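Owing to the predicted nature of the structure, the values given are computational and were not obtained by experimental measurement. All residue numbers in this chain count up from 1 along the given sequence.
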Amino acid sequence: MNAAQPVRVGTLLREWRLRRRLSQLELAHAAGTSPRHLSCVETGRARPSRAMVLRLAATLDVPLRDRNTLLLAADYAPAYQESGLDDEAMASIRSALDTMLRAHEPYPAVVVDRWWDVVAGNRAMDVLMDGVPAHLLDPRPNVFRLVLHPEGLASRLVNLHEVRELFLERLLRQANASGDGRLRALHDEVSGYPLPANAGRSATRAAARRASPIEVPIRVRTPEGELSMFSTMATFGAPADVTLSELAIELFYPLDEFTTRALRGMAGLPPTP
């Protein structure tokens, strides 16, 4: 293909189909079209309608940002706007995020974007950010750099090897599923970080399996003692905006009573009844 020419929509659709490990027959059946028509679209012999591009993109679970790219490649206008989080139209979203972050205290919570850059966090995140150098915080912190860099949280993780393996696997899976070059570059970067000098191999994985339903909790050393936490992820339902579709909220919870008491104590709250 001539690099000076626009990428055809068929080429991009084929890449997404292969990324999802679907045959033309499987995708055509799921999207309600014929394998012959899909083949013509992929090879450029047929131009799909705007509705067909959107239907194929939805069937392939293509992110909204990339659906706009598909539409542009087919010479159609984007279907989804991309607002700034500070825009007036996003005021209700900012309010919802602030409410969730504050309500989750004294437990840590953070809002991240598609590339795991930190958009916002609550005050309880200080327990995880303590001692992190400025170069990992400026201009915007990234979760994978914060956790895996030897000068970041990695130096205080009791079960660093297990957490590192889990995080790298998660990031690689997301990079492969999305085809996002920025995520791939982030994976290549953080997987090359050296281990901190105090990182020793431990048998925490087997112990964690026996002691809790969470295979790899976050176990971090603090002045208050060793804290054990797990996390859940929340996203917005039915987003129609690119920015909103790429936001996720990670909520950390204590895994044992000691961690509960310690986090409440650090926040100046009384123990739970």
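With Met229 as the partner, the side chain to side chain contact (heavy atoms under 4.5 Å, CB included) test is satisfied by one option alone out of Leu255, Leu263, Thr260, Ile214: Leu263. Of the residues listed (Arg184, Arg19, His187), the one engaging Asn176 in a side-chain hydrogen bond (donor to acceptor under 3.5 Å, both in side chains) is Arg184, and it is the only one.
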Apply side chain to side chain contact (heavy atoms under 4.5 Å, CB included) to Trp116 and Glu250, showing your working. CA-CA 10 Å; Trp116 293 90; Glu250 186 163 18; 4.0 Å; yes
Can you list the steps and then say if Ile249 with Leu97 is a side chain to side chain contact (heavy atoms under 4.5 Å, CB included)? CA-CA 8 Å; Ile249 306 97; Leu97 292 173; 3.8 Å; yes
Go through it in stages, so that I can follow the logic: the residues are Leu153 and Leu148, the test is side chain to side chain contact (heavy atoms under 4.5 Å, CB included), and I'd like the CA-CA distance, side-chain angles, deciding distance and then a yes or no. CA-CA 7 Å; Leu153 187 60; Leu148 300 180; over 6 Å; no
Please evaluate residues Asp66 and Asp180 with respect to the criterion side chain to side chain contact (heavy atoms under 4.5 Å, CB included), reporting the C-alpha separation (whole Å), side-chain torsions for both, the decisive distance (0.1 Å), and the verdict. CA-CA 10 Å; Asp66 300 289; Asp180 192 309; over 6 Å; no
How far apart are the C-alpha atoms of Glu189 and Arg145, what are their side-chain angles, what is the distance that settles it, and do they pass the salt bridge (Lys or Arg N to Asp or Glu O under 4.0 Å) test? CA-CA 9 Å; Glu189 174 191 336; Arg145 294 188 180 103; 2.9 Å; yes
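Met266 CE to Glu224 CD: the interatomic distance, rounded to the nearest 0.5 Å, is 5.0 Å. The structure places CG of Asp98 at 11.5 Å from CD1 of Ile93, a figure rounded to the nearest 0.5 Å. Here Arg67 contributes atom CZ and Leu54 contributes atom CG; the two are 7.5 Å apart, rounded to the nearest 0.5 Å. Within the model, atoms CZ of Arg55 and OG1 of Thr33 stand 6.5 Å from one another, a figure rounded to the nearest 0.5 Å. Here the CG-CG distance, from Leu171 to Leu166, works out to 11.0 Å after rounding to the nearest 0.5 Å. Rounding to the nearest 0.5 angstrom, the gap separating the OG atom in Ser23 from the NE2 atom in His29 is 10.5 Å.
Between Val41 and Gln24 there is no side-chain heavy-atom pair separated by less than 4.5 Å. A heavy-atom distance below 4.5 Å is found between the side chains of Met129 and Leu146. When side chains are defined from C-beta on, Ile218 does not count as touching Ser228, because their heavy atoms never get closer than 4.5 Å. Looking only at side-chain heavy atoms (C-beta outward), Glu151 and His135 come within less than 4.5 Å of each other. Taking 4.5 Å as the limit, every side-chain heavy atom of Gln81 sits out of range of all side-chain heavy atoms of Val242. Taking the side chain as every heavy atom from C-beta outward, Asp117 and Val112 never approach each other to under 4.5 Å. Between Leu160 and Pro196 the shortest side-chain heavy-atom distance falls below 4.5 Å. Here the side chains of Thr59 and Leu22 are not in contact, with every heavy-atom distance at 4.5 Å or above.
Residues Met100 and Met90 share a single hydrophobic cluster, defined by chaining ILVMFWY side chains whose heavy atoms lie under 4.5 Å apart. Cluster annotation: Leu128 is connected to Phe258 through the hydrophobic network of ILVMFWY side chains, with a link wherever side-chain heavy atoms come within less than 4.5 Å. Taken together through direct or relayed side-chain contacts under 4.5 Å among Ile, Leu, Val, Met, Phe, Trp and Tyr, Leu56 and Leu25 form parts of separate hydrophobic clusters. One hydrophobic cluster, built from ILVMFWY side chains closer than 4.5 Å, holds both Val9 and Tyr76. Put simply, Leu168 and Leu172 are part of two different groups of oily side chains (I, L, V, M, F, W, Y) that touch within less than 4.5 Å, one to the next.
Across every non-hydrogen atom of Arg156 and Thr222, the tightest pair is NH1-CG2, 4.1 Å. Leu64 and Ser245 make their closest contact through CD1-CB, 3.7 Å (heavy atoms, listed as atom of the first residue, atom of the second, distance). Scanning both residues, Ser178 and Arg114, for their nearest heavy atoms gives CB-NH2, 4.5 Å. Scanning both residues, Arg264 and Pro271, for their nearest heavy atoms gives NE-C, 3.9 Å. The shortest heavy-atom contact between Thr259 and Glu226 is OG1-O, 4.3 Å. Contact between Ala28 and Leu38 at its shortest, heavy atoms only, is N-CD2, 3.9 Å.
Side-chain N/O atoms of Trp115 and Glu246 include no donor and acceptor closer than 3.5 Å. In summary, the side chains of Arg45 and Thr43 do present a donor paired with an acceptor at a separation below 3.5 Å, with no hydrogens or angles considered.
Looking only at distances, no side-chain donor or acceptor of Arg219 sits under 3.5 Å from a matching main-chain atom of Val158. A donor-acceptor pair is defined here as one N or O able to donate and one able to accept, closer than 3.5 Å; no such pair exists between the side chain of Arg8 and the backbone of Ala73. With hydrogens and angles ignored, the 3.5 Å screen pairs no side-chain donor or acceptor of Asp113 with any backbone N or O of Val118. A donor-acceptor pair under 3.5 Å links the side-chain atoms of Asn122 to the main chain of Ala109, judged by distance alone. Looking only at distances, a side-chain donor or acceptor of Thr243 sits under 3.5 Å from a matching main-chain atom of Ser83.
When the ring pair (Phe, Tyr, Trp, His ring centres under 6.0 Å) test is applied to Phe236, no partner is found at least two apart in sequence or on another chain. In this view, Trp16 satisfies the ring pair (Phe, Tyr, Trp, His ring centres under 6.0 Å) rule with no residue, not counting sequence neighbours. In this structure Phe252 satisfies the ring pair (Phe, Tyr, Trp, His ring centres under 6.0 Å) test with no other residue, sequence neighbours excluded.
The neighbour count for Glu257 CD, taken as heavy atoms of other residues, nucleotides or ligands under 6.0 Å away, is above 12. Surrounding CZ of Arg94 are more than 12 heavy atoms belonging to other residues, nucleotides or ligands, all under 6.0 Å away. Enclosure of atom CZ in Arg36 is not indicated, since only 12 or fewer non-hydrogen atoms of other residues, nucleotides or ligands lie within 6.0 angstrom.
Classification of the Tyr253-Tyr107 ring pair by plane angle, with boundaries at 30° and 60°, yields tilted.
With salt bridges taken as basic N to acidic carboxylate O contacts below 4.0 Å, one links Glu42 and Arg17.
Cation-pi geometry between Arg164 and Tyr193 is not met at under 6.0 angstrom from the ring centre and within 45 degrees of the axis.
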